[in-house]
Number of protein chains: 2
Amino acid sequence: MTGYDLKQHFDHSIYYFWNAKLSQIYPTLNQMREGGWLTMEVDYQEDRPNRKVYHITEAGRGELHRWLQEPVDMAPVRDAFLIKIFFGGKLEKEEILAQIRRYLMLHQEQLAAYQEIVQQAVQQNVEATGMVREGVFWGLTLEMGIRYEQGWIEWCEEAIEKIEAMDDDQ
Amino acid sequence: MTGYDLKQHFDHSIYYFWNAKLSQIYPTLNQMREGGWLTMEVDYQEDRPNRKVYHITEAGRGELHRWLQEPVDMAPVRDAFLIKIFFGGKLEKEEILAQIRRYLMLHQEQLAAYQEIVQQAVQQNVEATGMVREGVFWGLTLEMGIRYEQGWIEWCEEAIEKIEAMDDDQ
DNA sequence: GTACAATATATCAGGAGTTATATAGGTAAT
DNA sequence: ATTACCTATATAACTCCTGATATATTGTAC
């Protein structure tokens, strides 16, 4: 694939848990080629920029397998929204409620997007071919996404109730 | 506070959703002072390095309030573990199970740590003083942490079951 | 038929954050 | 007494990632 092709795949599969911009992908492909994990061939084109097509090498496959097995630490959470909640006492009740209602809406939209993907997948893949090995893992990542969004939605709803129930002079 | 003091507060309160190293805190304090959000006074000490004590200015308080009200986008998820799941088809069943079991354990430990904080808080604060306004918001962030860890734990348990139930030749 | 968006290819400057390094006294354990 | 860790202060080098910019063609809307 070319860097551009890769970006398309990023955006249509792992986008929701790992994204990258083209300005990161291009130099990274170069580094991986220098490291021997990829080869590059130029597909010369008239009338438009040449395509730099990358192929994985045996060393690249080996490194991928090694990396997949390597233990991972928990991904650190880094969420500015939670800082705003933490300092919620510095805002008026309505100001903090506005923040939470907005965040609730964003996560509802995200959940709907995931559920849309599930529906499409059920129609296109599962009915026809059954869930093959690769599909199971793809489905697991999507389930985590749904669970994550549902968690946020429930938290937001409970938080709104609690804050609404607060004495105004508290 | 000094940069060092701030680091202690980071580590003992918002650590689980926003962390910073001293090497980020010190230059940031400088930038904030240059921007007029902080003042700095030197507390001269003999026999050990002087303490640079920072105080928030009125402009700083204003900026904090402005920032707290400013809408936030959803924090992007960036979790290498989910990439490993996504490419789980490239690993042996036992290899991928080992990954998930390890991640389950990490999140169980994290949940236990949060629940420990809750217990301490119940004993120290709530019984004595009742949950005052600030404490409500602090509690909400902790609840989100607990919900998040529980979500991961449930997902891991279900994922392990599903993968164990897979045909080996699938 | 013309303007605008999308496709397709990148590079460069800079910000945010981490790791490594430096220094030096105080405290607790063995 | 010595080791090891904790308090306390930073700076420098580097990595990762984003945002801005450049270029040229193809498809679409008005």
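Letters A, B, ... mirror the listed sequences (proteins, then strands); counts begin at 1.
The list of ring-ring contact (aromatic ring centres under 6.0 Å, His included) pairs with a residue in residues 91-118 of chain A, not counting sequence neighbours, reads A:Tyr16-A:Tyr114, A:Phe81-A:Tyr103, A:Tyr103-A:His107, A:Tyr103-A:Trp152, A:His107-A:Trp152. Here salt bridge (Lys or Arg N to Asp or Glu O under 4.0 Å) pairs that include residues 94-105 of chain B, with residues two or more places apart or in two chains, are A:Asp73-B:Arg102, B:Glu94-B:Arg101, B:Arg101-B:Glu164.
In terms of modelled atom types and a separation under 3.5 Å, the side chain of B:Arg51 and the main chain of B:Tyr44 share no donor-acceptor contact. In this structure a side-chain-to-backbone donor-acceptor pair under 3.5 Å is present from A:Asp5 to A:Thr2. The closest donor-acceptor contact from the side chain of B:Lys7 to the backbone of B:Ala20 lies under 3.5 Å.
Taking both residues in full, the closest heavy atoms of B:Ile56 and B:Leu38 are given as CA-CD2, 3.9 Å, listed atom of the first, atom of the second, then distance. Between A:Ala80 and B:Val72, the shortest heavy-atom contact is CB-CG1, 3.8 Å.
Remark: P of C:dA16 and CG of B:Leu22 are 18 Å apart, rounded to the nearest angstrom. Rounded to an integer number of Å, the gap from CD1 of B:Ile25 to C1' of C:dA16 is 14 Å.
No more than 12 heavy atoms of other residues, nucleotides or ligands lie within 6.0 Å of CD in B:Glu92, so this atom counts as exposed by the packing criterion.
For the helix from C:dG1-D:dC30 to C:dT30-D:dA1, the terminal axes (five pairs an end, C1' atoms, rotation from four pairs onto the next four) enclose an angle of 40°, given to 10 degrees.
For the pair B:Arg51 and D:dA8, the criterion of a side-chain N or O lying under 4.0 Å from OP1 or OP2 is not met. An OP1 or OP2 oxygen of D:dT9 is reached within less than 4.0 angstrom by no side-chain nitrogen or oxygen of B:Lys52.
With respect to A:Glu70 and A:Arg66, a salt bridge is recorded, a charged nitrogen being found less than 4.0 Å from a carboxylate O.
Using a 4.0 Å cutoff on non-hydrogen atoms, no part of residues 1-15 of chain B comes near DNA chain C.
Applying the ring pair (Phe, Tyr, Trp, His ring centres under 6.0 Å) rule to A:Phe137 yields no partners; only residues at least two apart in sequence or on another chain are considered.
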Return the polar atom pairs (N/O with N/O) between nucleotides 16-18 of chain D and the protein under 3.5 Å, or none.
residue: D:dC17; atom: OP1; partner: B:Arg78; partner atom: NE; Å: 3.2
residue: D:dC17; atom: OP1; partner: B:Arg78; partner atom: NH2; Å: 3.4
residue: D:dC17; atom: OP2; partner: A:Gln24; partner atom: NE2; Å: 2.3
residue: D:dC17; atom: O5'; partner: A:Gln24; partner atom: NE2; Å: 3.3

